[in-house]
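Chain A is the first sequence line, chain B the second, and so forth, proteins listed ahead of strands; every chain is numbered from 1. The analysis underlying the following values was restricted to heavy atoms, covering all of them including side chains, and did not include hydrogens, waters or symmetry mates. Predicted model only: the values in this text are computed from it and were never measured.
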Amino acid sequence: MQKINIIDAARHVEEEVEIGAWLTNKRSSGKIAFLQLRDGSAFFQGVVVKAKVGEEVFELAKELKQEAAIKVVGIIHEDKRSHFGYEIEVTKIIEIGSSDEYPITPKEHGTDFLMDHRHLYLRHQKPFAIMKIRNELIRATYEFFNKEGFTKLDAPILTGSAPEGTTELFETDYFGQSAYLSQTGQLYAEAGAMAYGKVFTFGPTFRAEKSKTRRHLTEFWMIEPEMAWTTQEESLVIQEKYIAFLVQNVIDHNAYELKLLDRDIDILRKYTQLPFPRLSYDDAVTLLKDNGFDVEWGVDFGSPEETFLANHFEKPVFIINFPKAIKAFYMKRHPSRDDVVVSADLLAPEGYGEIIGGSERDTDYEYLKERIEEQGLSLAEYQWYLDLRQYGSVPHSGFGLGLERAVTWITGTEHIREAIPFPRTLNRLRP
RNA sequence: UGCUCAGUGGCACAAUGGUACUGCGUCCGACUGUUAAUCGGAAGUGUGUAGGUUCGAUUCCUACCUGAGCAGCCA
């Protein structure tokens, strides 16, 4: 007899199979019981008919508790009365691991309770669907960048200095000296681009900002591609192609999960249609003013502004060439203007905010040295970075995508803490 | 950090200045197609912490703790 996963049930119709599963819920009447099963691949139900299995098996079925681990033997049937379209007519049940007083009941629970039980909550349908889609985004990311000729180059997580200076960092002890958890791999990616042409980093990132919003985590995963011999315009084309590729792969591979989440595929399809609109920062300010926003040229946009801009276009939109004063020191000066840099943020629709930040990097040694000093950063700490401009400096561009922001947006989830297995936020370090 | 809101049995909620409703879960029973199944019965603990007002506080007041939402910061 064959052991199968639930997701493959369609290929085993009318066959007798064995499935290792957990019981998510159970309903029973006097002569028939429905066991709601999950095995990590999908969810479906087992039907236990007393007249067919006999007293003993039927009684066992009725005694099983929520989250009991069982081996189920039975015959797969196609059946429209099952949400999954298929179900298993159970002939035999073996209880492998019992369960008692499982805390997450079939009724609704509060966020705090569910996050306290995150280690168990991961078993349930919504986290299941989101984590499967997260996995697809990770898989598709590797596929995309490998296909495009990138080399994955890992940036260090422990660093000796603050790459962007301004942001708060987690500090830790490194054999008697201060070390910081990485808040970006960007500068290291630039070193990689000068070595291997096109590289991407993909790893955890830490921000000790006391942010308390649905878009922030203190620990999150970031994908940071960096490309030598590449202008910002060329980088934008890669960025939109990458985003469209991610969305398309989720549509192609996660129809089941999107259905569990009740996510509208037609909306997602719009996000695969290129190009994405590009709006200059100048024009964005004008557009916002025309729509009643109280903004002045030179300020960074807040969440309400970002939401308005992205919803205005119903697609992800690039906001290009931000004021120099509000952006990082390494961004390239605009060729004909002194007040803006060659940069772009990609704003996701539906209020999900900035999912990509990127720019062309300045290539000039003296200019970068000045800007590092201007921002009060330690020249000694950045000497290695300046070396990249001393030895064969070339035009190059890069960007960073926040994985959890992308997951939250594509899955249509309310809060970013749902987009990572064990979220770290201002008020949560456990489990 | 600021503003706003909230803290009641394992969970989710209700309530009046007079020691607390209901549902889920649990236990017992019924039911041949359920979809957070339904129906009948039972057990269980007690209003975040510390003060104050009051004959009496879950309710009113003060402080604190914890959490949530929003804002700032950013991905």
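- A donor-acceptor pair is defined here as one N or O able to donate and one able to accept, closer than 3.5 Å; such a pair exists between the side chain of A:Asp362 and the backbone of A:Arg333.
- Using a 4.0 Å heavy-atom cutoff across all strands shown, A:Thr213 reaches at least one base atom of the nucleic acid.
- Listed nucleotides: B:rG33, B:rG25, B:rU1. Nearest to the side chain of A:Lys210: B:rU1.
- Nucleotides B:rA57 and B:rU1 have their C1' atoms positioned 34 Å apart, rounded to a whole Å.
- Nucleotides B:rC28 and B:rC21, compared at atom P, are 25 Å apart to the nearest Å.
- With B:rA71, B:rC11, B:rC31 as the candidates, the nucleotide lying closest to the side chain of A:Ser29 is B:rC31.
- A distance of about 28 Å separates the C1' atoms of B:rU35 and B:rA42, rounded to the whole Å.
- In this structure, CD1 of A:Ile32 is placed 10 Å from P of B:rU32, rounded to the nearest angstrom.
- Side-chain to base pairing of A:Thr105 with B:rC11: no donor and acceptor N or O lie closer than 3.5 Å to each other.
- Atom name C1', nucleotides B:rU34 and B:rU38: the rounded distance is 10 Å, in whole Å.
- Comparing atom distances between the A:Pro106 side chain and each of B:rC24, B:rC74, B:rG33 picks out B:rC24 as nearest.
- Closest contact between the side chain of A:Pro304 and the listed nucleotides B:rA36, B:rA71, B:rA75 involves B:rA71.
- Taking a pair to require two hydrogen-bonding distances under 3.5 Å in either a Watson-Crick or a G-U wobble arrangement, B:rU47 remains unpaired.
- In this pair, A:Phe113 and A:His109 present their aromatic rings parallel. The plane angle is below 30°, not in the 30 to 60° band.
- Base-pair partner of B:rU38: B:rA30 (Watson-Crick or G-U wobble, both distances under 3.5 Å).
- Contact of A:Gln45 with B:rU34 (side chain to base): a donor-acceptor pair of N or O atoms is detected under 3.5 Å.
- Within 4.0 Å of A:Leu403, counting heavy atoms only, lies no atom of the nucleic acid at all.
- In this structure, A:Phe58 places its CZ atom 12 Å from C1' of B:rG33, rounding to the nearest Å.
- The CD atom of A:Glu209 sits 9 Å away from the C1' atom of B:rA75 (whole-angstrom rounding).
- Taking the charged nitrogens against the carboxylate oxygens, A:Asp112 and A:Arg428 do have a contact shorter than 4.0 Å, which makes a salt bridge.
- When heavy atoms are screened at a 4.0 angstrom cut-off, A:Gly353 is found touching no nucleic acid atom at all.
- Nucleotide B:rG18: paired with B:rC55 (Watson-Crick or G-U wobble, both distances less than 3.5 Å).
- Between the side chain of A:Thr24 and the main chain of A:Arg38, no donor-acceptor pair closer than 3.5 Å is present.
- No side-chain N or O of A:Glu360 forms a donor-acceptor pair with one of A:Ser235 less than 3.5 Å apart.
- Using C1' as the reference atom, B:rA14 and B:rU8 are 10 Å apart when rounded to the nearest Å.
- Pairing for B:rU4 is with B:rA68, a Watson-Crick or G-U wobble pair whose two hydrogen-bonding atom distances lie under 3.5 Å.
- One can find a donor-acceptor pair under 3.5 Å joining the base of B:rG33 and the side-chain atoms of A:Glu87.
- Between A:His396 atom NE2 and A:Thr231 atom OG1 the span is 12.5 Å, to the nearest 0.5 Å.
- The CD atom of A:Glu219 sits 17 Å away from the P atom of B:rA75 (whole-angstrom rounding).
- Counting any heavy atom pair closer than 4.0 Å across all strands shown, A:Leu401 reaches no nucleic acid atom.
- Checking B:rC24, B:rA71, B:rU32 against the side-chain heavy atoms of A:Lys31 singles out B:rU32 as nearest.
- Residue A:Phe220 and nucleotide B:rA75 are classified as a stacked aromatic pair, their ring centres being separated by less than 5.5 Å at an interplanar angle below 30°.
- Sparse packing is recorded around NZ of A:Lys92, with 12 or fewer heavy atoms of other residues, nucleotides or ligands lying under 6.0 Å away.
- No side-chain donor from either of A:Asn321 and A:Arg337 sits under 3.5 Å from a side-chain acceptor of the other.
- Residues A:Glu224 and A:Gln186 bring no donor and acceptor atom of their side chains to less than 3.5 Å of each other.
- What separates CG of A:Asn25 from P of B:rC24 is a distance of 13 Å, to the nearest Å.
- B:rC61 and B:rU26: their C1' atoms are spaced 40 Å apart (whole Å).
- Atom P of B:rG7 sits at a distance of 9 Å from the matching atom of B:rC13, rounded to the whole Å.
- The side chain of A:Ser303 sits closest to B:rG72 out of B:rA12, B:rG72, B:rU34.
- Of all nucleotides listed (B:rA71, B:rC70, B:rU34), B:rC70 comes nearest to the side chain of A:Arg214.
- If you check every strand for non-hydrogen atoms under 4.0 Å, A:Ile416 touches a base.
- With hydrogens and angles ignored, no donor-acceptor pair closer than 3.5 Å exists between the side chain of A:His109 and the base of B:rC11.
- Taking the centre of each ring, A:Phe150 and A:Phe144 stay at or above the 6.0 Å mark.
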Between protein and nucleic acid, restricted to nucleotides 66-68 of chain B and to nitrogen or oxygen atoms under 3.5 Å apart, what atom pairs and distances do you find?
residue : atom : partner  : partner atom : Å
B:rA68  : OP2  : A:Asn427 : ND2          : 2.9

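- Remark: C1' of B:rG48 and CZ of A:Phe113 are 18 Å apart, rounded to the nearest angstrom.
- If you check every strand for non-hydrogen atoms under 4.0 Å, A:Asp345 touches nothing.
- The aromatic rings of A:Tyr242 and A:Phe145 are tilted relative to each other, their planes meeting at an angle between 30° and 60°.
- When the shell of 6.0 Å around CD of A:Glu56 is examined, it contains 12 or fewer heavy atoms from other residues, nucleotides or ligands.
- Counting distance only, with no hydrogens placed and no angle test, the side-chain atoms of A:Arg215 and the base atoms of B:rC70 include no donor-acceptor pair under 3.5 Å.
- B:rU49 and B:rG67 have their C1' atoms separated by 15 Å, with the value rounded to a whole Å.
- In this structure, A:Leu114 places its CG atom 14 Å from C1' of B:rG10, rounding to the nearest Å.
- Side chain of A:Tyr281 to backbone of A:Gly298: a donor-acceptor contact under 3.5 angstrom is found.
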Produce the list of close N/O pairs, under 3.5 Å, pairing protein atoms with atoms of nucleotides 26-30 of chain B; give distances to one decimal.
residue : atom : partner : partner atom : Å
B:rC27  : OP1  : A:Lys65 : NZ           : 3.2

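- Atom NZ of A:Lys107 and atom C1' of B:rU38 are 12 Å apart (whole Å).
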